[in-house]
There are 4 protein chains.
Amino acid sequence: MKDRIIENSIRMFGEKGFNETSIQDVVDVLGVTKGTFYYYFTSKEQLLMDIHLQYIDNLLSHQEKIMENQEKDSKSKLYEIIFKLISDIEKQGLSAKVFFREMRNLSEDHLELIVPKREQFRKNIQQVLEDGIVKKEFRSDLPAEIVSLGILGMANWSYFWFNPSGKRTDSEVSGIFLKMLLEGIQRD
Amino acid sequence: MKDRIIENSIRMFGEKGFNETSIQDVVDVLGVTKGTFYYYFTSKEQLLMDIHLQYIDNLLSHQEKIMENQEKDSKSKLYEIIFKLISDIEKQGLSAKVFFREMRNLSEDHLELIVPKREQFRKNIQQVLEDGIVKKEFRSDLPAEIVSLGILGMANWSYFWFNPSGKRTDSEVSGIFLKMLLEGIQRD
Amino acid sequence: MKDRIIENSIRMFGEKGFNETSIQDVVDVLGVTKGTFYYYFTSKEQLLMDIHLQYIDNLLSHQEKIMENQEKDSKSKLYEIIFKLISDIEKQGLSAKVFFREMRNLSEDHLELIVPKREQFRKNIQQVLEDGIVKKEFRSDLPAEIVSLGILGMANWSYFWFNPSGKRTDSEVSGIFLKMLLEGIQRD
Amino acid sequence: MKDRIIENSIRMFGEKGFNETSIQDVVDVLGVTKGTFYYYFTSKEQLLMDIHLQYIDNLLSHQEKIMENQEKDSKSKLYEIIFKLISDIEKQGLSAKVFFREMRNLSEDHLELIVPKREQFRKNIQQVLEDGIVKKEFRSDLPAEIVSLGILGMANWSYFWFNPSGKRTDSEVSGIFLKMLLEGIQRD
DNA sequence: CATGAATGAGCGTTCATTCAT
DNA sequence: AATGAATGAACGCTCATTCAT
């Protein structure tokens with residue numbers, strides 16, 4: 001039941017928004033009553049926190065699996081991270097939507113748990129960049145921190161416009177973004 | 001008074017969010033009553049629309065001034081557009097925050113006015129890219145549409161992290177982003 | 001201006017209702033501001049009172065003119081009173097609507113002025129009936145008070161259904177009502 | 001609780017009017033909170049609709065029982081219908097008051113349900129009249145439609161003046177009205 | 001005469017939350 | 001494990017009224 005509530009509310013929060021979806025809305029769909037909800041969750045915000053944790057933990061563990069791979073070079077890792085972000089829109093787009101849009105509805109206490117994880121995700125990208133600089137794959141005159149933020153922006157922003165059933169696939173978009181990043185758009 | 005209400009609510013909407021700020025909150029700060037608010041605005045959403053219009057119209061008119069300039073090459077124009085977006089965070093960062101975060105609270109009717117303007121802003125970036133391709137400043141094998149979205153993402157995302165009083169200035173960040181974009185991060 | 005306000009509000013109160021019509025609505029149509037309204041009227045209810053007075057005074061004075069006529073018999077007078085009520089729907093239907101529907105919005109003090117006039121109107125009908133009984137025009141075994149109330153009900157109720165541009169004219173309906181009243185609907 | 005709310009609001013709407021009675025007023029009397037009200041009703045208007053339905057359905061079913069009776073002649077049926085209307089003032093006078101006065105506060109959608117029922121009630125009276133004409137109980141030269149409206153007016157209007165504890169009983173008044181109707185007030 | 005700004009009280013409604021059963 | 005009744009605080013909004021200018 002707890003899982004059913006989570007699944008359902010991801011869908012509803014993603015489609016209508018957290019504030020726009022009442023607990024009544026959620027339980028109505030499941031055919032149970034509000035009492036049931038409060039048996040499994042201490043508050044609406046707690047549910048939101050669960051969704052956030054589930055999403056960022058999955059993302060982080062996936063990212064770490066990519067990073068641990070010793071055989072791949074930094075470019076490949078970068079590609080895979082970007083691809084993961086963009087392809088996630090297709091696979092668990094609503095979770096992502098909730099994650100990016102509704103974080104501000106978390107309590108201070110919960111934010112203190114989520115923000116570092118989010119920051120960790122960015123730092124991992126920065127790590128990939130710095131590794132690549134050391135391995136002479138990437139140029140060394142651009143600060144990895146700002147570059148990582150630029151990459152994240154590019155990828156995350158796609159949640160606002162990327163349409164999985166549109167004319168470009170996730171791997172196409174990821175490919176274009178990687179080329180931009182690596183080679184630049186300037187004509188040689 | 002109307003202007004005072006707008007200024008104040010930009011600040012409050014930016015800091016706490018649109019839904020999290022009640023009209024009572026807004027008027028309390030100004031020391032007036034709710035009646036006064038409704039003397040100047042027909043609804044809370046109308047106020048949000050006013051803020052949106054003010055922001056996007058300013059952005060668009062500035063962008064168009066940049067684009068009209070015949071003497072500058074496409075690279076310079078790209079830099080100026082990116083710089084405008086990032087430096088705006090300093091000057092009217094809260095307006096930007098409201099614009100990027102609260103659009104979903106606009107009514108259908110109002111969205112029909114805002115969305116095309118927002119899209120126009122992106123199309124203008126695409127135009128700069130396409131001009132650059134024709135003038136052989138930019139490579140021609142990357143689709144200008146996706147690239148424009150990547151640029152927008154990079155720049156807009158900075159609203160979530162760019163700190164005007166942090167260790168990097170707006171022009172530094174813009175410069176780094178431009179270098180990334182033009183030359184790529186790959187080592188030659 | 002005062003008259004223009006009255007005329008206009010009769011129309012608006014009649015069409016939309018007293019509570020449903022705001023002073024703003026009224027002054028908007030006239031192209032003036034609320035301040036102007038309060039220059040001419042001390043309150044919204046005062047305006048309603050003026051409308052009531054104007055209507056009932058006109059009705060009463062007309063009724064008294066009918067009653068004073070020495071040449072007419074009681075039947076004719078009854079017909080004329082009923083006809084006046086029903087034909088008024090055509091000529092000043094909205095005033096009548098306001099009068100019948102919105103009286104409850106008058107203050108206690110104002111009601112004390114209107115109710116006796118309204119009661120006077122009924123008593124005058126009763127008087128016509130009693131005169132007719134004395135003159136042997138009407139049967140004497142029906143209490144004139146209850147009969148007068150029945151007549152009033154029949155006539156006033158027509159405000160809810162009588163349509164001046166419908167298939168029956170005001171004089172037709174008045175004629176039918178008079179026949180009912182005088183001769184009864186029973187077959188001899 | 002739902003029934004207690006309905007009963008109470010009939011009384012309050014009847015005494016003060018629908019618009020003049022706030023939900024706060026209603027729940028205060030019951031010693032509960034507004035939340036409770038909205039647990040049982042979706043809106044204030046929904047409550048009004050419930051009251052209307054309850055009233056007209058009771059009236060119609062009673063009327064139909066009268067009409068089905070094969071043993072009674074049309075005159076008796078007419079009497080019983082009039083008597084039902086007038087005696088109802090005693091038994092559920094406030095419901096009637098609400099029904100006659102507050103219908104305009106129903107929504108379009110709800111009106112579409114109530115108006116035909118109200119019209120059905122009048123049509124049933126017309127039917128009794130037409131049956132009586134066929135059976136030669138009533139004269140045939142008066143249009144049954146207008147006569148039915150006159151009868152309804154007479155009876156309904158009594159809600160504005162009939163006082164159950166006054167000097168005339170409901171059956172007295174009904175009797176007088178029936179005599180008026182059948183025999184007319186004219187002296188033979 | 002008329003305006004325009006402001007008030008303040010009230011209203012219908014929503015909704016997360018509680019709790020006895 | 002789940003229900004259903006109830007709470008209470010807040011919210012967006014309306015509107016008759018006031019008053020300095």
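A note on names: the letters A, B, ... follow the listed sequences, proteins ahead of strands, and every chain is numbered from 1.
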Q) In the strands shown, is F:dT21 matched to any nucleotide by a Watson-Crick or G-U wobble pair with both distances under 3.5 Å, and which? A) E:dA2
Q: Please state how far atom CD in D:Q24 lies from atom C1' in E:dC11, giving the value in whole angstrom units.
A: 10 Å
Q) DNA chain E: A:E20 or C:T33, which has the more 5' nearest nucleotide? A) C:T33
Q.
Rounded to whole Å, please give me the gap between CZ in D:F41 and C1' in F:dA5.
A. 14 Å
Q: Measure the acute angle between the ring planes of B:W157 and A:F100, then classify it against the limits of 30° and 60° as parallel, tilted or perpendicular.
A: perpendicular
List the atom pairs, with distances to 0.1 Å, where a side-chain N or O of residues 28-42 of chain B and a protein N or O form a donor-acceptor pair under 3.5 Å, not counting sequence neighbours.
{"from": "B:D28", "atom 1": "OD1", "to": "B:Q24", "atom 2": "NE2", "distance (Å)": "2.9"}
{"from": "B:T36", "atom 1": "OG1", "to": "B:T33", "atom 2": "O", "distance (Å)": "3.4"}

(Q) Can you work out whether A:F37 or B:I23 has the more 5'-proximal nearest nucleotide on DNA chain F? (A) A:F37
Q: Mind telling me whether D:F99 and D:H52 have parallel, tilted or perpendicular rings, with 30° and 60° as the class edges?
A: tilted
Q) Within this structure, what is the CD1-to-C1' distance between C:I5 and E:dA2, rounded to whole angstrom? A) 11 Å
Q | Test item: side-chain donor near acceptor, A:N19 and A:E102, under 3.5 Å | A | no
**Q.** Between E:dT14 (P) and B:N19 (CG): distance, integer Å
**A.** 16 Å
Q) Separation of C:E45 atom CD from F:dC15 atom P, in whole Å? A) 18 Å
Q | 5' priority, DNA chain F, between C:S22 and D:K34 [closest heavy atom] | A | D:K34
**Q.** Side chain of B:Y39 - closest among E:dA6, F:dA5, F:dT17
**A.** E:dA6
Q. In whole angstrom, what separates A:L30's CG from F:dT3's P?
A. 11 Å
Q. Rounded to the Å, how far apart are B:Q46 CD and F:dG12 P?
A. 15 Å
**Q.** DNA chain E: 5'-proximal contact among B:T36 and D:T36 (nearest heavy atom)
**A.** B:T36
Q) Pick from C:N105, C:V98, C:L47: which one makes a side chain to side chain contact (heavy atoms under 4.5 Å, CB included) with C:F18? A) C:N105
Q. Between F:dA10 atom C1' and D:Y38 atom OH, what is the distance in whole Å?
A. 14 Å
Q) Hey, does C:Y40 reach any base, or is it just sugar-phosphate, or nothing, if we go heavy atoms under 4.0 Å? A) sugar-phosphate
